[in-house]
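Note: hydrogens, waters and symmetry copies are ignored here, and every other heavy atom, side chains too, is used.
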Amino acid sequence: MTMEEKRYCYRYPHPAVTTDCVIFGFDGSRLNVLLVKRGGEPYSGWWAFPGGFIRMDESADEGALRELCEETQLKPSYIEQFHTYSEPLRDPRERVITIAYLALVKIQEVKGGDDAKEAQWFPIDHIPHLAFDHDVILRDALARLRERIHFHPIGFELLPDKFTLRELQTLYESILGIRFDRRNFAKKMHHLDILNQLDETVWPTPKREATLYSFNIEKYNELKQRGFRLEF
C-alpha cells in the first residue's frame, strides 16, 4: 500500500460526500428545473439533479460548480447552499452525505456531459419521478426559493435583460403559485425603485403594446446588500 493510499485509511468508516444542484430557470411563462438523465448505476436512465462526489482537493462550493459545468456547461449567476441530506440509506452504493445547492440561471439550451446522458429543462408542474431522494430535495429547494423571493430581488438572475411588467409578474406568480392584481403588483415593483422604464415597446399580442423595462443594477445591488422585505 502506497503512502497516498494510507492517507485515506482510517480506523473508523467514513461517509462519502456529494453535491447536488437544483437549477431554476424561467421560460417567460413557467418556472423550470434543469435535470440530467443518469448514465450509470444506480438509477441508470432516471432523471436527477446535476452533481457528484467532492474531490479531496476541493471545497463543496468548488465541487458543485465543477459538476454543474461538466454535466450541463452552465455557470449560474446565483448559487447558495440550502440543506444537507444525511439519511443513512439514501444511496444504495454506500453511506453518502449530500450538500444541496440552489442555483438561478437565465434559461438557455443545455447539453448533457460527463456521466449525464442528457440534460433537459422541465416545467415545475411536470417533473418526472426522480432518482435517490431528489423529489424531497426539489420540494425543499422550491420552499427555499419561495422564501428567498420575499427577501431577495431574484428577477435579475432569471429574466432577460429587457422584459415587460407582465413577464416579471408571471415570474413571481409561477414561483409562489398565486395570482396578483396587475395594478397592485406594478405599484409594488415601482415602489422598490429597481426598474428602469425603457423607450422601447413590444407587442405581446396583436392588440396590446407593452413597455419594456430593465433592472437598475445599482439599486438592485444595494437592495441585495442591505436586504429587503417584499409583501404581497
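Remark: Lys162 pairs with Glu200 by the side-chain hydrogen bond (donor to acceptor under 3.5 Å, both in side chains) rule, at least two apart or across chains. In terms of the salt bridge (Lys or Arg N to Asp or Glu O under 4.0 Å) criterion, residue partners of Lys219 (sequence neighbours excluded) are, by chain and number, Glu222. Annotation: side-chain hydrogen bond (donor to acceptor under 3.5 Å, both in side chains) contacts of Thr18 (sequence neighbours excluded): Thr98. Judged as a side-chain hydrogen bond (donor to acceptor under 3.5 Å, both in side chains), and not counting sequence neighbours, the contacts of Tyr85 are Asp140. Partners of Asn184 under the side chain to side chain contact (heavy atoms under 4.5 Å, CB included) rule, at least two apart in sequence or in another chain, are Asp181. Listed by chain and residue number, His134 satisfy the ring pair (Phe, Tyr, Trp, His ring centres under 6.0 Å) test with Phe49 (two or more places apart in sequence, or in another chain). By the side-chain hydrogen bond (donor to acceptor under 3.5 Å, both in side chains) test, Thr201 pairs with Glu209, sequence neighbours left out. Shown here are the side chain to side chain contact (heavy atoms under 4.5 Å, CB included) partners of His14, two or more places apart in sequence or in another chain: Tyr10. Residues satisfying the side chain to side chain contact (heavy atoms under 4.5 Å, CB included) criterion with Gln120, sequence neighbours excluded, are Trp47, Glu118, Phe122. With sequence neighbours excluded, the residues that form a salt bridge (Lys or Arg N to Asp or Glu O under 4.0 Å) with Glu80 are Arg144, Arg148.
In this structure, Ile127 and Leu35 have side chains that are in contact, with non-hydrogen atoms separated by less than 4.5 Å. A heavy-atom distance below 4.5 Å is found between the side chains of Ile149 and Tyr172. Residues Arg90 and Ile97 fail the side-chain proximity criterion, which asks for heavy atoms closer than 4.5 Å. Side-chain contact between Leu104 and Ile23 is absent, with no heavy-atom pair separated by less than 4.5 Å. Annotation: side chain of Thr19 is not in contact with side chain of Leu68 (no heavy-atom distance under 4.5 Å). Within the 4.5 Å cutoff, the side chain of Ser44 has heavy atoms near those of the Glu41 side chain. In this structure, the side chains of Pro50 and Glu67 stay at 4.5 Å or more apart for every pair of heavy atoms. The closest side-chain heavy-atom distance from Leu102 to Leu145 is below 4.5 Å.
Under a 4.5 Å side-chain heavy-atom criterion applied to ILVMFWY residues, the cluster that includes Ile79 comprises Val17, Ile54, Leu65, Ile99, Tyr101 as well.
In this structure, the side chain of Arg38 engages the main chain of Pro42 through a donor-acceptor pair within 3.5 Å. Remark: the backbone N or O of Val136 is not paired with any side-chain donor or acceptor of Asp133 at under 3.5 angstrom.
Between Phe163 and Phe215, the distance separating the two ring centers is shorter than 6.0 angstrom. Here the two rings, on Tyr43 and Phe132, have centers that are under 6.0 Å apart.
Listed by first and then second residue, the salt bridge (charged side-chain N to carboxylate O under 4.0 Å, His left out) pairs involving residues 94-107 amount to none (not counting sequence neighbours).
Pairing each heavy atom of Leu158 with each of Val105, the nearest pair is CD2-O, 3.4 Å.
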If you apply the rule side-chain contact (heavy atoms from CB on, under 4.5 Å), what do you find for Leu31 with Phe24, and how did you get there? CA-CA 7 Å; Leu31 186 68; Phe24 292 107; 3.9 Å; yes
Should Arg66 and Glu70 be marked as a salt bridge (Lys or Arg N to Asp or Glu O under 4.0 Å) after you check the CA-CA gap, both sets of side-chain angles, and the distance that decides it? CA-CA 6 Å; Arg66 174 183 54 77; Glu70 288 176 355; 3.3 Å; yes
Take Ile124 and Asn32 through the test side-chain contact (heavy atoms from CB on, under 4.5 Å) and record every step on the way to the result. CA-CA 5 Å; Ile124 195 65; Asn32 284 247; over 6 Å; no
Between Arg30 and Glu167, does the salt bridge (Lys or Arg N to Asp or Glu O under 4.0 Å) criterion hold? Intermediate values first, please. CA-CA 10 Å; Arg30 291 184 293 184; Glu167 287 176 316; over 6 Å; no
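The only option from Leu195, Leu212, Thr170 that meets the side-chain contact (heavy atoms from CB on, under 4.5 Å) definition with Leu165 turns out to be Leu195.
Both Phe156 and Leu192 belong to a single network of hydrophobic side chains, linked directly or stepwise wherever heavy atoms of I, L, V, M, F, W or Y lie under 4.5 Å apart.
For CZ of Arg183, the number of neighbouring non-hydrogen atoms (other residues, nucleotides, ligands) closer than 6.0 Å is 12 at most.
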